[in-house]
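Atoms within a ligand are numbered from 1 in the order they appear, just like the ligands themselves. Just the heavy atoms: all of them, side chains too, but no hydrogens, waters or symmetry mates, feed the values below.
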Amino acid sequence: MIQLSNITKVYKTKNGDLTAVQGVDLSIEQGEIFGIIGYSGAGKSTMIRLLNGLEKPTTGEVIVNGENIAQVSGAKLRQARQKISMIFQHFNLLWSRTVEENISFPLEIAGVSKSKRAIRVQELIELVGLKGREQAYPSQLSGGQKQRVGIARALANNPEVLLCDEATSALDPETTEAILELLLDINKKLGLTIVLITHEMHVIRKICHRVAVMEAGQVVEQGKVLEVFQNP
Ligand code: ADP
Ligand code: ADP
C-alpha cells in the first residue's frame, strides 16, 4: 500500500547540501503497524514528511495507494493527503477549543453537516475513551487524554494511513502503554495501517509488526521486529 523506492532527500543549507535520507527502499502493507526507529538526526522526521507529502524527495518515488505523491501537486496532492492522517508528540490541539470542537474540526473543513459531525464526534469519543470529557479544554486534560483527542481528530475523516510522529515521547511510561494499547486496538478494529517513528525500542517491541532501523539517512536493517531485535 505504501512503496518507497530509492528515496534520497537532500536539503540545501547555507553550509551546502545535506543528505538527510539516502537510497531508502521500503514497502508497507495494508493493515500493518510499521515502525521506523533511529537516533536523533537519523532521518526519521524527513521520512514522515515524505510520506505525508509535506516534502518532495530529491530522487525516488513515494507511492501511496497507487498514487506517486512525490509527483502530484495542488488538488491531486490534497486528495491523496486526505487518506493520510497524523498524530504528534506535542498533540497540536487547538487550545481555545473544546475536546468536541477539536475532533470536529477536520470534519468541518471537509464540509460535513452539523448533524453528521455530532454523530461522528460521539463515535470517535467512544472509540478513544473520552466519554464525559467532551466539553473540556486541552489545558484541563492529562497528556494521555490530549493524545486521545489527537487520535480521534486524526481518525475523523476515515484515513487509510495513520502516521505517528514520536506520539508517546512526551508521555510517562504508564500513559505510553495505554496509548499504544489504543493504537493496537484501532489497528485491529479498523484495519488501519499505522506507520510510526520513534527513538524508543520498547514502543517498537510493543506494537510493531515490522521495523526499519535508520542510521545517518540509511535503512541499515529491516524486517519482522522479533527477527531484527532478537535477544542474544
Ligand atoms: P530525525 O527525525 O531522525 O531526528 P531528521 O529527518 O529530522 O532526523 O534529520 C535528518 C538530517 O536532516 C539532520 O542532519 C537534520 O539536521 C537535517 N534536516 C532535517 N530537516 C531539515 C531541513 N528542513 N533543512 C535542512 N536540514 C534538515
Ligand atoms: P483557534 O484559531 O482555533 O482559536 P488557537 O488560537 O487556539 O486556535 O491555537 C492555534 C494554534 O496555536 C494551535 O494549533 C495550538 O497548537 C497553538 N496554541 C495556542 N495556544 C497555545 C498554548 N497555550 N500552548 C501551546 N500552544 C498553543
Side-chain angles (χ1 to χ4, degrees), residues 2-28 32-64 68-74 77-78 80-81 84-93 143 146-147 150-151 154 159 161-173 176 179-180 183 193-225 228-229:
I2 300 175
Q3 188 88 42
L4 302 189
S5 313
N6 195 23
I7 294 291
T8 295
K9 177 67 191 182
V10 179
Y11 291 111
K12 304 273 175 210
T13 75
K14 55 182 191 303
N15 301 318
D17 286 357
L18 192 152
T19 304
V21 170
Q22 194 170 22
V24 166
D25 293 298
L26 279 186
S27 73
I28 299 170
E32 107 172 298
I33 306 185
F34 192 95
I36 300 174
I37 189 167
Y39 295 118
S40 175
K44 305 182 297 298
S45 307
T46 300
M47 290 288 289
I48 281 251
R49 292 199 298 270
L50 290 166
L51 283 169
N52 70 11
L54 273 179
E55 203 81 76
K56 297 238 183 254
T58 309
T59 66
E61 295 188 330
V62 182
I63 313 280
V64 180
N68 184 355
I69 62 169
Q71 288 288 327
V72 298
S73 55
L77 178 62
R78 279 197 297 279
R81 291 188 63 197
I84 306 167
S85 221
M86 193 145 160
I87 59 172
F88 307 89
Q89 179 172 5
H90 297 295
F91 323 117
N92 295 14
L93 304 179
K146 284 183 200 137
Q147 195 56 290
I151 292 169
V161 183
L162 178 66
L163 302 176
C164 308
D165 185 359
E166 297 280 2
T168 54
S169 299
L171 305 175
D172 63 52
T176 293
I179 293 296
L180 294 177
L183 290 174
T193 307
I194 298 181
V195 182
L196 61 90
I197 64 170
T198 182
H199 61 279
E200 296 177 305
M201 176 91 91
H202 70 92
V203 169
I204 300 280
R205 279 187 188 279
K206 168 118 187 153
I207 68 167
C208 292
H209 305 131
R210 290 194 306 139
V211 61
V213 182
M214 286 193 79
E215 271 175 29
Q218 292 182 303
V219 171
V220 293
E221 211 170 336
Q222 66 172 303
K224 290 190 179 145
V225 171
V228 172
F229 296 134

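Considering backbone and side-chain atoms alike, Ala20 places every N or O at 3.5 Å or more from each N or O of ligand 1. Checked against a 3.5 angstrom limit, the closest N/O atoms of Ala42 and ligand 1 fall inside it.
Rounded to the nearest 0.5 Å, atoms CG (Asn52) and CE (Met47) are 12.0 Å apart. The NE2 atom of His199 lies 16.0 Å from the CE atom of Met214; values are rounded to the nearest 0.5 Å. With values rounded to the nearest 0.5 angstrom, Lys206 atom NZ is found 10.5 Å from Thr176 atom OG1. Between the CD1 atom in Ile63 and the CD atom in Gln71 there is a gap of 8.5 Å [rounded to 0.5 Å].
Ligand 1 lies within reach of Arg49, whose nearest heavy atom is under 4.0 Å from it. Heavy atoms of Ser40 approach ligand 1 to within less than 4.0 angstrom.
For residues 164-173, no pair satisfies salt bridge (charged side-chain N to carboxylate O under 4.0 Å, His left out), with sequence neighbours left out. Within the structure, salt bridge (charged side-chain N to carboxylate O under 4.0 Å, His left out) pairs that include any residue of residues 51-60 comprise Lys9-Glu55, Arg49-Glu55 (at least two apart or interchain).
More than 12 heavy atoms of other residues, nucleotides or ligands sit less than 6.0 Å from atom CD of Glu200.
For atom 8 (O) of ligand 1, the closest non-hydrogen atom of the protein is Gly43 N, 3.0 Å. Protein heavy atom nearest atom 10 (C) of ligand 1, with residue, atom name and distance: Gly41 O, 3.4 Å. Scanning the protein heavy atoms around atom 27 (C) of ligand 1, the nearest turns out to be Tyr11 CD1, 3.2 Å. For atom 2 (O) of ligand 1, the nearest non-hydrogen atom of the protein is Ser45 OG, 2.6 Å.
For the pair Gly217 and Val24, the tightest heavy-atom approach, listed with the atom from each and the gap, is O-CG2, 3.7 Å. Nearest heavy atom pair, residue Ile36 against residue Leu26, reads CD1-CD1, 4.2 Å. Nearest heavy-atom pair across Leu18 and Thr13 is CB-CG2, 4.1 Å.
Among Asp17, Ile48, Thr46, the residue whose heavy atom lies nearest to atom 5 (P) of ligand 1 is Thr46.
Within a 4.0 Å radius of atom 15 (C) of ligand 1, the protein contributes no non-hydrogen atoms. In this structure, atom 20 (N) of ligand 1 has a protein heavy-atom contact shorter than 4.0 Å.
When each atom of ligand 1 is checked for a heavy atom of Leu18 under 4.0 Å away, the hits are 11 (C), 12 (O), 14 (O), 17 (C). Short contacts between ligand 1 and Thr13, defined as distances under 4.0 Å to a heavy atom of the residue, involve ligand atoms 25 (C). The Lys44 neighbourhood of ligand 1 comprises atoms 1 (P), 2 (O), 3 (O), 4 (O), 6 (O), 8 (O), with distances under 4.0 Å to a heavy atom of that residue. Remark: ligand 1 atoms within the under-4.0 Å shell around heavy atoms of Tyr39 are 3 (O).
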